[in-house]
Amino acid sequence: MKKFYITTPIYYANGQPHIGHSYTTIAADVHARYHRLRATPVLFATGTDEHGQKVAHSAQAQGMTPQEFVDNIVGSFKQMWQRLHISYDRFIRTTDPHHMAAVQHIFSQLRESGDIYLGEYEGWYCVPCETYLAEVELVDGCCPECGRPVEQVTEQAYFFRTSAYTDRLLEHIESHPDFIQPKSRRNEVLSFVKEGLRDACVSRNRMEWDIPVPGDESQSIYVWFDALINYLSQVGYPDKLDEFNRWWPPQIQIVGKDILTRFHATLWPAMLMALDLPLPDVLFAHGWWITDSGDKISKSKGNILDPYEVALELARISTATTAVAVDSLRYFLLRQITFGLDGSFSWRALLARFNADLANDLGNLLNRTLPLVERYLNGVIPEPGPGAGELSDEIDHARTKFEHELVHSDFSAALTAIWELLSSANKFLDTRGPWALHKDAKQVELEAVIYDVLDCIRVVAIMIEPFMPKVSDEIWQQLGLQSAQIEKRWEDCRALKLPSDITIAPGRPIFPRVDIKRAMDQLQAESEEQSEPTAANTISIDEFKQVELRVGTIVEAHRIPGADKLLRLMVDVGESDTRQIVAGIAQQFNPRELLDVQVIVVTNLEPATIHGVESHGMILAAGADEPEALVITDSKCPPGTIVR
RNA sequence: GGCGGAGUAGCUCAGUUGGUUAGAGCGCGCGGUUCAUACCCGCGUGGUCGGGGGUUCGAAUCCCUCCUCCGCUACCA
């Protein structure tokens with residue numbers, strides 16, 4: 001049986017939903033709605049990723065328990081999706097018990113099969129230098145720095161054997177040209193995989209707000225391993241196999257380009273191969289919306305746009321209803337730029353689309369046709385009669401093109417197909433001139449022409465439903481099809497399917513035209529008013545407080561072999577252990593001159609591995625590109641002293 | 001630093017395997033129409049296709065080189 005399973009990423013529950021989340025989700029919604037119109041069973045799944053240190057931290061900062069914190073965020077997401085007319089079927093949370101059970105189950109299963117192994121952090125260690133060294137860094141088997149012999153060490157962590165799947169993955173990508181889209185991303189992934197995949201560390205030292213490794217309470221399961229499994233657990237894996245088999249695999253998984261290469265296009269398929277499950281048909285990575293710097297009107301509270309705020313503003317400017325404004329924004333986001341590429345948001349572009357495409361071409365077609373029905377046909381849809389169906393070819397062409405473009409998620413091209421049809425309809429109305437036919441008393445011909453145009457509007461209403469569901473409903477209503485309880489079905493996107501003898505119900509213009517020049521002046525004025533006290537890139541005191549700064553004393557400094565810009569520092573920040581920090585200051589400072597220097601350290605930065613060396617913090621230094629001077633204290637302070 | 005992509009009309013972009021006068025939408029100008037939200041329809045405006053060199057009977061399209069922007073990646077945590 002045919003089915004359509006589509007996913008968005010599950011969004012990290014660390015902050016409010018923004019335009020990036022919304023863009024992904026709206027795109028997925030379009031696919032889902034389109035397939036529902038085609039009467040294909042659809043499962044459209046989204047959700048939230050709720051584990052990890054960052055969530056625990058943010059919760060603490062706001063004086064909440066992690067659970068309270070994520071519950072609150074989940075509320076915001078669900079509200080946003082409702083406001084943006086998102087028709088998701090499932091909303092999974094990684095804190096759902098059945099998901100957590102699934103993650104542990106899969107972890108155990110892969111550990112039994114040998115795909116997950118308790119890793120020995122294959123490395124060498126120089127005791128005097130306290131340095132971890134990779135095989136390639138050794139000089140004659142000894143420490144490259146002090147020349148003394150090194151010891152082999154094993155730090156325990158669980159690894160997933162990604163490397164074992166490099167060849168199979170490569171083969172799969174090459175034999176499935178549509179697996180990763182768009183093409184440019186596919187090429188990137190290919191070159192990434194060709195370098196060879198490294199085994200992924202899938203556990204961390206135990207944190208409270210994580211899923212524990214089964215049978216090993218000292219470790220937690222890595223959040224990405226946890227998160228990716230949502231795509232399986234939300235369709236019933238592993239205990240509801242009937243349901244699972246019905247939906248698996250996904251027809252398309254939409255992700256942002258930032259999480260494609262490392263996660264969805266490598267780790268994720270490797271996990272599925274290890275579980276012996278089919279891979280998704282398509283992974284589609286889309287681009288970003290950035291605010292247009294040449295257009296200062298973007299709200300000055302930082303550059304993250306709240307899509308609902310934008311819609312409310314559009315509603316205010318245009319006097320359209322909020323639902324129509326939301327749909328207009330949905331239209332704009334998917335029409336303006338090619339899905340997959342980056343684009344910049346500007347009010348001018350949004351308003352231009354609103355006027356030209358929505359108000360003029362679509363809205364006005366409806367608004368010039370309905371009065372004709374009222375005037376010449378007593379407000380009742382006529383019989384098609386002989387000669388009707390003249391727009392049949394145009395309708396078929398638009399439908400076919402739309403279907404073709406949507407296969408490749410080219411939303412913009414799909415919408416272009418609809419607008420070509422609208423253009424044909426407008427032209428048809430002009431050339432046939434029902435008002436002239438009426439004067440000449442050619443009633444039969446007049447009815448045929450009006451029928452054809454109404455029929456065409458009906459088809460357009462169906463075709464725009466995935467993009468603008470509420471607008472579609474409104475047009476349906478005005479055509480009288482709502483009250484007549486006619487359903488929208490994709491198969492009815494053909495000529496001569498409009499029922500007759502239905503009384504139309506004209507309403508106010510759906511898209512009230514905007515005076516763009518005036519609107520821009522107004523927005524500009526408001527924007528200046530608001531941005532007066534705060535410059536464009538300010539942050540609040542609360543945001544600043546999230547950065548934890550402490551005084552630290554450098555107790556050791558070493559060069560890192562093979563890296564000419566990096567130093568490995570051991571810094572005392574008042575904790576029981578000194579911290580290892582990697583700093584890109586080797587070309588400006590000698591290791592020796594740094595000893596006992598007191599610097600300022602960002603202590604709550606997430607750890608990172610740089611050139612194979614773990615770094616647990618950041619040293620502050622002046623200089624935009626190159627570090628020019630270290631930030632130091634002017635008198636001795638105890639290590640660990642808070643800086644603010 | 002490495003790999004990749006892109007630079008085409010005022011703006012946003014199409015341009016398939018090199019082939020007659022380089023296209024669309026928006027904007028702008030003119031005309032038509034009057035059913036309509038100063039809308040719609042038609043016509044027009046506008047580009048030495050990033051610079052330079054080369055291959056070819058012929059290049060936006062292939063090759064070389066330079067410039068600019070972007071993405072991924074890497075020793076900027």
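Each chain gets a letter, A, B and so on, in the order its sequence line appears, and its residues count up from 1.
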Should [N] form a Watson-Crick or G-U wobble pair with both distances under 3.5 Å, which nucleotide is its partner?
N      : answer
B:rC49 : none
B:rC75 : none
B:rA24 : B:rU12
B:rG18 : none
B:rG42 : B:rC30

So if I take every side-chain heavy atom of [X] and compare against [options], which nucleotide ends up nearest?
X        : options                : answer
A:Arg513 : B:rU37, B:rG71, B:rC40 : B:rU37
A:Leu566 : B:rC40, B:rC35, B:rC75 : B:rC75
A:Arg368 : B:rU73, B:rC26, B:rC35 : B:rC35
A:Pro371 : B:rU37, B:rA36, B:rC41 : B:rA36
A:Ser615 : B:rA77, B:rA74, B:rC40 : B:rA77
A:Leu372 : B:rC35, B:rC41, B:rC76 : B:rC35
A:Asn367 : B:rU37, B:rU73, B:rA77 : B:rU37

Taking only side-chain nitrogens and oxygens of A:Arg432, does any of them come within less than 4.0 Å of OP1 or OP2 of B:rC35?
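So the side chain of A:Arg432 is outside the cut-off, no N or O lying under 4.0 Å from OP1 or OP2 of B:rC35.
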OP1 or OP2 of B:rC40 under 4.0 Å from side-chain N/O of A:Lys427
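For B:rC40, neither OP1 nor OP2 has a side-chain N or O of A:Lys427 closer than 4.0 Å.
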For [X], which contact category applies under a 4.0 Å heavy-atom criterion: base, sugar-phosphate, or nothing?
X        : result
A:Ser423 : sugar-phosphate
A:Ala352 : nothing
A:Pro434 : nothing
A:Asn360 : sugar-phosphate
A:Arg186 : nothing
A:Arg185 : sugar-phosphate
A:Asp361 : sugar-phosphate
A:Gly617 : sugar-phosphate

When you match A:Lys439 and A:His616 each to their closest nucleotide on RNA chain B, which lands nearer the 5' end?
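Nearer the 5' end of the strand: A:Lys439.
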For A:Tyr376 and for A:Asn355, locate the closest nucleotide of RNA chain B by heavy-atom distance; then report the residue assigned to the nucleotide nearer the 5' terminus.
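It is A:Tyr376 whose nearest nucleotide is closer to the 5' end.
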For the residue pair [X] and [Y], does the interplanar ring angle fall in the parallel (under 30°), tilted (30 to 60°) or perpendicular (over 60°) class?
X        : Y        : result
A:His172 : A:His176 : parallel
A:Phe339 : A:His286 : tilted
A:Phe354 : A:Phe511 : perpendicular

In plain terms, say whether A:Arg458 and A:Asp455 are close enough for a salt bridge, that is, a side-chain N and a carboxylate O under 4.0 Å apart.
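Judged by the 4.0 Å cut-off on N to carboxylate O distance, A:Arg458 and A:Asp455 do form a salt bridge.
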For A:Asn378, is the CG atom crowded, meaning more than 12 foreign heavy atoms sit under 6.0 Å from it?
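No - once you tally the heavy atoms of other residues, nucleotides and ligands closer than 6.0 Å, there are 12 at most.
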More than 12 heavy atoms of other residues, nucleotides or ligands under 6.0 Å from CZ of A:Arg316: yes or no?
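Enclosed.
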Pick the P atom in B:rG10 and in B:rC70, then give their distance to the nearest Å.
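Their P atoms lie roughly 22 Å apart.
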I'd like the C1' distance from B:rA74 over to B:rG1, given in whole Å.
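To the nearest whole Å, 7 Å.
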How far apart are the C-alpha atoms of A:Arg579 and A:Glu575, what are their side-chain angles, what is the distance that settles it, and do they pass the salt bridge (charged side-chain N to carboxylate O under 4.0 Å, His left out) test?
CA-CA 8 Å; A:Arg579 280 193 187 224; A:Glu575 297 165 335; 3.0 Å; yes
Calculate the interatomic distance between A:Leu260 atom CG and B:rC72 atom P; express it in whole Å.
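Rounded to whole Å, this separation is 11 Å.
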Specify the separation, in whole Å, of atom CG of A:Asp357 and atom C1' of B:rU12.
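Rounded to whole Å, this separation is 12 Å.
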